[in-house]
Structures are given as structure tokens and as C-alpha cells.
Amino acid sequence: MDITINQLEQDLIRVLVKIELNGVKIDIKKLNDVEHQLLNRLQTTTEKITKIAGAEINLNSNEQLSTLLFEALELQPKVTSKGKSGLISVDKSHLAKLKEDHEIIPLILDYKKINTLLSFCNQLKEVHPKTGRLHCSLNQIGTATGRFSCSNPNLQNIPNVKLKDKDSETDELKIIASKFREVFIVEKGCVLIGADYSQIELRVMTEMSQDSFLLHAYNNGVDIHELTASKVFNCKISEVAEEQRKIAKTINFGLIYGMSAGGLAKSLTTITNKHHSKEDAEKMMSGYFNEFNGVKSCLEGLIDYADHYGYSKTLFGRTRPIPELASNDLEIRERGKRLAKNSPVQGSAADIIKMAMVNCDKAIAEKGLKSKMILQIHDELLFEVPENEVEIMENLIKHEMENVVRLSIPLTIELGKGANWAVAH
DNA sequence: CGTCTCACG
DNA sequence: ACGTACGTGAGACGA
């Protein structure tokens, strides 16, 4: 491991200790209110389901659920995809396909949703008796790529639901789900500031590849998904249709994941609601790599590097062993290639925000400010800021995060503030 | 303790 | 012919 990464992780320890000790303030009253609503809905939903099913059934058991749907109610599964256990999948994407086939399906989907939301209520209730705040563990060596993981409770997977106008009266569960980030509040006299890096992983990809189209786009404020669409569909940027941009966005995501034609096809099918074959996806990918040839050679180079050394490396020297590349099993080697492509991207982004955390902490201390860093969510930092420090902190955060490293393209952040996490995001 | 499901980036 | 992307944690089930 590179010495600068070792130093970074060393410096970071103090920052993480502070974040964990600071904790996050929780609006217990609002949380209880949300829980109450969920419990009510759980009861009515369960009653309806038992009535239709005609018997008590444990909906948390996929086995029992599968028996009910495909044997007792004789529903025809649309896709008979089975996991290792040989059971027909009954996850929400599969259930959604059966929505029209039986009145019980929407109820089951609701039940599952309510259950997961209740689990978040349970986790968030565990505020510390002395501080009255919620203290998670940020696990510094929690992941293979260099990110943190977060546990007890995991505050990096709190539902992030934004309501559109049309949802405001129809989908009650969605409305309840949207409350979860409102529960994250700050002390009286403080403001919550959230700052997240804009497309940091695609920017890292741009830096690593030095692809001329990507460099140009990020240096000139061109919408990256529109650019991608114009290249893949061979049209002018101004002529890109909404759906084409959506597809391009999926391609850009896939790029970061080390996409395969099959994976892209499935994802395209889901987001467009239209079937896309593996061949479709293959065409789009070759179209993409034809244009963005800097990206193409970069990805090939990443595989060669990991193949040669047995590990991948980020822009700043963080390594990840990839023994999968030496496997005799073709599938495992394919996975190794995806890891070799993804890890440097995800890892470099992690390096960048970790450096920014150290710098923000240092700047806050040097200026003798009372503001506190309270959470990191991969590409986002949250701060609890006294009202009289808001302006100085906005400038400080923006400056430290955007200038933490000098790349060929700018790093930009989006900053929001308010009484809770929902409005600060 | 492995598997499945689902929440996040 | 088949399923199908990267990184996590929590919680339930069932062997």
C-alpha cells in the first residue's frame, strides 16, 4: 500500500472518532409518529392478506409465499428464475410483474415495504441515553475498495425518497418513506449542511482515461449523459430524446461497474420497460467504445495492470488484490475483470472524499469553529453548523472539497442546507 | 451460517 | 441455453 494512503488513513482516524462521538440528532417525536402510522398500516394490510389467503401465512418466508402464490392461488410465474436454493424468486421486481394477476400481490408488496421501513424505525430509535443522539460506527477498513462501511446502525442506507407533485396524494407509503431523512435534525440554533460530489466516479474515470470527449465535456459544462447519448445514437446533442438520455445514463453507470452486455441489457429492460436483448446492448457498447476510445483503452489497461500485479490500484495508490483474475473458472475471471475496472474508480473516489474529510476537519479546527462533521455517505458529507457559522462553513466546505486534489477537470459539489437531511440534500 | 431480500451510494 | 454489473449492512428464514 502506498505511503500516502497509509498517512491518509492515519490522519483520518481522529476525524472518524469525532464523527462517531458527535453522533446525529434524531427527531424522536417524528420518528414515533412515522412508526405509529406504519404499525397501523401493517395491521390493516396483514388482515386483508389473511382474508384473501384464507390462512395465516408467514410473509417473511419466501418458501411459504412461493407456495401460496404458485400452488394455492395457482399464479403463473412470469420468469422462473431460481436461486441457489431452487426457489422461484418472489422479490419485488418479480412480484411487480404479477401485479395485474391477483389482488393479493399489491398487498404483499405493501407488506414487505412496511416491514423494511419498520426496521429502519427500530434502528433509528437506539439513541444514546446520555447524548440523546445516534452514534454509528464508520468502519474504516470495512470494504475491499477503500470506502467505509457503516453499522450499528447503518446510516449509509437510510431511504432517500423525494416526492414528485403527482405522488403527493396517491402513494401513502412513499410519503411515509420520504419522512425518514426528515428525522435527521440538528440542535437548536444550528443548520444542517449537506455537500455531495457531483458525478465523482465518472470524473475519476475521466481523469484516469484522459478521454478527449469526457475531458472536453467536464471542462465545458456539457451534460455528460446527453453527450453519451449523442455519441451512442449518432445524433446532435440538441436532438437527444429523453429516453435516449436515460439509456446513456445507464451506460455510464454500467461503465463504472465494468458492465457486460448482458448486465446492460437487463438494466435497460428495467428502466425502459421495453425488452432489450443482449445483442442490442452489445451494439450500444461497441458504439460507445468506438467513440470514447480513451475509456476503452483505459479499461483494457486496468485489466492488464491487475492481471500483471495481482491487484488493482487507485489514482492515489490504494490497492486491492484481485485473485479472481488467476482463476481457472471463466465466470470468476470475468468477475475479476469487472473488479479490475471498478475498484480503481470506486476506490479513487473514496480516496478523494477521505482526503477532503481530513482537510475539512483541519480547516474547522484552525478557524476555531464550532461546526461538526456528522456523517459521510460515500460521496456526501453532512455538517451540523451553528447559525452564525453558516456562511463561513459553506465557503469552507466548498473550497476544501472542490480543491482537495487538482485533476484535469474540475471537481464540483452540490450544497444544501436546512433544518433536516431531507431539505439539505 | 448460508441464502434471500431490500435499503443506500 | 442461461442469467446477467460494483460496493455495503440488517433481518428473516430454515437447515
Side-chain angles (χ1 to χ4, degrees), chain A residues 58-66 79-95 108-109 111-124 126 136-139 141-161 177 180-181 196-202 204-205 250-270 276-278 281-282 285 299 302 312 320 322 324 331 334-347 349-350 353 375-381 421 425:
Chain A
N58 186 351
L59 293 161
N60 298 321
S61 163
N62 296 323
E63 198 181 325
Q64 289 183 41
L65 182 55
S66 184
V79 198
T80 54
S81 60
K82 293 173 186 173
K84 291 181 182 174
S85 56
L87 286 172
I88 300 174
S89 288
V90 284
D91 66 23
K92 68 173 180 185
S93 74
H94 289 90
L95 286 177
I108 292 171
L109 284 167
Y111 174 90
K112 286 180 164 240
K113 186 94 194 172
I114 294 166
N115 241 359
T116 29
L117 292 179
L118 275 170
S119 147
F120 281 110
C121 285
N122 264 333
Q123 296 176 56
L124 297 184
E126 303 293 321
C136 66
S137 299
L138 280 174
N139 310 310
I141 52 167
T143 71
T145 53
R147 279 186 175 183
F148 302 126
S149 80
C150 181
S151 53
N152 304 308
N154 181 1
L155 298 183
Q156 290 183 324
N157 71 343
I158 303 302
N160 187 7
V161 177
F180 275 88
R181 291 197 178 207
D196 58 286
Y197 279 111
S198 155
Q199 299 177 332
I200 188 165
E201 291 184 337
L202 270 180
V204 164
M205 177 68 86
T250 307
I251 293 176
N252 282 329
F253 265 109
L255 202 64
I256 290 160
Y257 296 153
M259 68 183 158
S260 63
L264 180 62
K266 181 185 155 76
S267 194
L268 289 177
T269 303
T270 319
H276 285 262
S277 68
K278 193 174 147 187
E282 239 154 29
M285 280 173 66
L299 293 175
L302 289 176
S312 69
R320 170 187 186 171
I322 306 186
E324 287 88 342
E331 270 183 37
E334 286 301 320
R335 175 175 159 76
K337 288 184 193 171
R338 293 195 298 272
L339 298 179
K341 290 184 270 190
N342 169 265
S343 302
V345 180
Q346 192 184 118
I353 195 165
L375 207 55
Q376 187 251 42
I377 312 97
H378 309 308
D379 63 354
E380 175 183 14
L381 293 177
W421 192 6
H425 188 77

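From a predicted model like this one, the values you see are computed outputs, not experimental measurements. Letters go in sequence order (proteins before strands), and every chain restarts at 1.
- When heavy atoms are screened at a 4.0 angstrom cut-off, A:R338 is found touching the sugar-phosphate backbone but no base atom.
- As judged by a 4.0 angstrom heavy-atom cut-off over every strand, A:E380 is placed among residues making no nucleic acid contact.
- For a distance-only test at 3.5 Å, the side chain of A:N60 fails to qualify as a donor-acceptor partner of the base of C:dA12.
- Of the P atoms belonging to C:dT4 and B:dT3, the separation is 15 Å, rounded to the nearest Å.
- When atom types are taken as modelled, the side chain of A:T116 and the backbone of A:K113 share a donor-acceptor pair closer than 3.5 angstrom.
- For A:Q199 and B:dG9, the CD to C1' distance is 14 Å, given to the nearest whole Å.
- Listed nucleotides B:dC6, C:dG7, C:dG14 differ in distance to A:T145; the shortest reach to its side chain belongs to C:dG7.
- Of all heavy-atom pairs spanning A:A349 and A:V204, the tightest one is N-CG2, 4.0 Å.
- Per the geometry, CG belonging to A:L117 stands 14 Å off P belonging to C:dG11, to the nearest Å.
- Atom-to-atom, CG of A:D91 to P of B:dA7 comes out at 11 Å; the value is rounded to the nearest Å.
- At whole-Å resolution of the value, CD in A:E201 and P in C:dC6 are 13 Å apart.
- In this structure, A:N58 places its CG atom 14 Å from C1' of B:dT5, rounding to the nearest Å.
- Annotation for A:N342 and A:I256: closest pair ND2-O, 2.8 Å, computed over non-hydrogen atoms.
- A:S89 is not listed as a side-chain neighbour of A:V79, based on a closest heavy-atom distance of 4.5 Å or more.
- Between A:A261 and A:A281, the shortest heavy-atom distance links the atoms O-CB, 3.2 Å.
- Within 4.0 Å (heavy atoms only), A:A144 reaches sugar-phosphate atoms of the nucleic acid but no base atom.
- In this entry the distance linking CE of A:M205 with P of C:dC6 reads 14 Å, nearest Å.
- At a threshold of 4.0 angstrom between heavy atoms, the contacts of A:N157 include nucleobase atoms, whether or not backbone atoms are also involved.
- Using the Watson-Crick or G-U wobble rule with both distances under 3.5 Å, C:dA1 pairs with nothing in any strand shown.
- With B:dC8, C:dA10, C:dA5 as the candidates, the nucleotide lying closest to the side chain of A:P159 is B:dC8.
- When the nucleotides B:dT5, B:dG9, C:dG9 are ranked by their closest atom to the side chain of A:N62, B:dT5 comes out on top.
- The CD-C1' distance, from A:E126 to C:dG9, rounds to 16 Å in whole Å.
- Considering only heavy atoms from C-beta on, A:L155 comes within 4.5 Å of A:L124 through its side chain.
- Among the nucleotides C:dG7, C:dG3, B:dT5, the one closest to any side-chain atom of A:V90 is B:dT5.
- Closest to the A:S89 side chain, of the nucleotides B:dA7, C:dC13, B:dT5, is B:dT5.
- Close to B:dA7, at under 4.0 Å from its OP1 or OP2, lies a side-chain N or O of A:K113.
- Between the side chain of A:S151 and the backbone N or O of A:N154 there is no donor-acceptor pair closer than 3.5 Å.
- C:dA1 and B:dC6 have their C1' atoms separated by 30 Å, given to the nearest Å.
- Taking atom C1' on both nucleotides, C:dC2 is separated from B:dA7 by 29 Å, rounded to a whole Å.
- Taking side-chain N and O atoms only, A:K92 has a distance below 4.0 Å to OP1 or OP2 of B:dA7.
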For this session: Could you walk me through whether A:L65 and A:K112 pass side-chain contact (heavy atoms from CB on, under 4.5 Å), step by step?
Result: CA-CA 12 Å; A:L65 182 55; A:K112 286 180 164 240; 3.9 Å; yes

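- Toward the 5' end of DNA chain C, the nearer of the two residues A:T143 and A:G258, judged by each one's closest nucleotide, is A:G258.
- The base of C:dA5 sits within donor-acceptor range of the side chain of A:S267, with an N or O pair under 3.5 Å.
- Contact annotation for A:K341: no contact, since no heavy-atom pair falls under 4.0 Å across all strands.
- Residue contacts for A:I256: at a heavy-atom cut-off of 4.0 Å it reaches no nucleic acid atom on any strand shown.
- Between A:P153 and A:R335, the residue whose closest nucleotide on DNA chain C is further toward the 5' end is A:R335.
- With distances taken from any side-chain atom of A:S61 to the nucleotides C:dA5, C:dC13, C:dG11, the minimum falls on C:dC13.
- Checked against B:dT3, C:dA10, B:dC8, the side chain of A:S85 finds its nearest nucleotide in B:dT3.
- Taking the side chain of A:N152 as heavy atoms from C-beta on, and the options B:dC8, C:dC13, C:dA10, the nearest nucleotide is C:dA10.
- Considering only the side chain of A:R320, C:dC6 comes nearest among C:dC13, C:dA5, C:dC6.
- Atom-to-atom, CD of A:Q376 to C1' of B:dC8 comes out at 12 Å; the value is rounded to the nearest Å.
- Residue contacts for A:L339: at a heavy-atom cut-off of 4.0 Å it reaches the sugar-phosphate backbone alone, with no base atom in range.
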